[in-house]
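Structure, as structure tokens:
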Amino acid sequence: MFKDAVLAKEWLPVAYSQDLGADPLAVKVLEERVVLFRVRGAIKAFKDLCIHRGAALSLGKVKDDCIVCPYHGWEYNVDGQCKKIPQQPPNRAIPLKAKAIVYQCREVYGMIWVRLSEQGSDAAEPLPYYEEYNHPSFKTVHAYAHTMNAAAPRVVENFLDVSHLAFVHEGSLGHPDYTEIPDYKVNWRDNHYVSDEIEVYADADGTGNWSTIYYTFEILRPTVARLKKVNYQTNEIFSMLFAVLPQEQLKSTVFALVSRNYELDKPDEYFQEFQQLIIEQDTGIVESQKPEELPLDLQAELHLNPDRVSIAYRKWLGELGVEFGSDVGRKAKTI
Ligand code: FES
């Protein structure tokens with residue numbers, strides 16, 4: 001079974017806040033079934049399994065601040081303690097073992113993040129900082145959640161790949177006459193990798209305004225990255241926080257925040273649909289890649305200068321001990 005020990009300690013995006021209503025919601029995280037539910041404005045994440053007979057709690061309902069199992073009605077409070085077993089008299093003690101497994105859960109940037117390490121276990125890295133979300137000059141929309149039949153690192157690396165724009169996204173992001181990528185470096189700064197600004201002749205957002213744009217990629221966590229595109233002629237900035245949920249080894253869901261400091265009145269749907277077009281163009285390519293898992297052995301595929309962000313990503317996954325691929329990367333802080 002796929003359950004990467006390193007990724008289990010990461011905050012992983014599991015849903016947008018708006019997708020969780022009054023009823024419990026089932027999600028899958030690293031092959032683990034997880035149920036999300038709301039109690040008094042807070043979101044809780046439990047293993048989606050009742051200890052009595054293994055039914056999915058996500059098929060139940062929320063009542064009196066408890067999640068109620070759909071099979072025999074056992075009620076679990078927000079700490080996972082079973083508070084009611086309807087089949088026994090109220091004065092009979094509830095077995096101590098009658099508990100649900102509680103995972104850490106946070107709601108940030110309009111997204112729900114889960115950490116499979118149980119509550120009270122070792123400290124988590126902070127959630128990635130994305131300043132545009134609350135910045136008054138920016139407007140941020142949530143891209144449509146999108147699932148690919150691909151390993152999460154392959155999906156993230158595609159987001160970090162500047163070379164494919166003129167091919168996979170010809171006419172929408174990249175221009176076929178401008179395929180050369182200037183040399184750049186990737187540096188280790190503030191506990192993550194950051195690329196130099198990479199000059200690209202591109203259309204930042206599919207509006208048909210071709211211009212010289214400067215791309216900066218940041219690899220924030222094993223499945224979270226960020227991209228900033230700046231047009232210095234107009235001071236327009238287009239940013240994205242790209243966060244991938246590894247549902248299964250070869251099934252991943254992308255959540256993304258898309259921000260801009262211009263055209264604030266343009267309908268959100270324009271940016272959501274544009275991002276959907278882009279990710280659909282990527283999907284067939286990423287799902288076709290072999291091996292399916294990202295090779296962390298740097299000799300396994302051929303790398304060129306424009307691939308420096310990808311090289312940094314592979315090295316970092318190796319350093320962190322993420323178990324995708326067959327080998328670990330070598331340590332380097334400047335790529
Ligand atoms: Fe949940 Fe019986 S399986 S109460």
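First listed ligand is number 1; within each ligand, the first listed atom is number 1.
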With 2.8 Å as the limit, jot down which protein N, O or S atoms are around atom 1 (Fe) of ligand 1.
Cys50 SG, Cys69 SG
Excluding sequence neighbours, so at least two apart, what forms ring pair (Phe, Tyr, Trp, His ring centres under 6.0 Å) with His52?
His72, Trp74
Residues that Tyr232 engages under ring pair (Phe, Tyr, Trp, His ring centres under 6.0 Å), provided they are two or more places apart
Tyr214
Indicate every side-chain donor-acceptor pair of residues 148-162 with a distance under 3.5 Å to a residue at least two apart or in another chain.
{"from": "Arg154", "atom 1": "NE", "to": "Pro291", "atom 2": "O", "distance (Å)": "3.2"}
{"from": "Arg154", "atom 1": "NH2", "to": "Pro291", "atom 2": "O", "distance (Å)": "2.8"}
{"from": "Arg154", "atom 1": "NH2", "to": "Glu301", "atom 2": "OE2", "distance (Å)": "3.3"}
{"from": "Glu157", "atom 1": "OE1", "to": "Arg314", "atom 2": "NH2", "distance (Å)": "3.0"}
{"from": "Glu157", "atom 1": "OE2", "to": "Arg314", "atom 2": "NE", "distance (Å)": "2.7"}
{"from": "Glu157", "atom 1": "OE2", "to": "Arg314", "atom 2": "NH2", "distance (Å)": "3.2"}
{"from": "Asn158", "atom 1": "ND2", "to": "Asp282", "atom 2": "OD1", "distance (Å)": "3.4"}
{"from": "Asn158", "atom 1": "ND2", "to": "Asp282", "atom 2": "OD2", "distance (Å)": "3.2"}
{"from": "Asp161", "atom 1": "OD1", "to": "Ser163", "atom 2": "N", "distance (Å)": "3.0"}
{"from": "Asp161", "atom 1": "OD1", "to": "His164", "atom 2": "N", "distance (Å)": "2.9"}
{"from": "Asp161", "atom 1": "OD1", "to": "His164", "atom 2": "ND1", "distance (Å)": "3.1"}

Starting from the C-alpha separation in whole Å, work towards a yes-or-no answer on side chain to side chain donor-acceptor pair (under 3.5 Å) for Glu132 and Thr140.
CA-CA 7 Å; Glu132 288 87 338; Thr140 298; over 6 Å; no
Taking the six-membered ring of Phe37, is NZ or CZ of Lys44 closer than 6.0 Å to its centre and within 45° of its axis?
no
Thr216 side chain near Leu227 side chain, heavy-atom distance below 4.5 Å
no
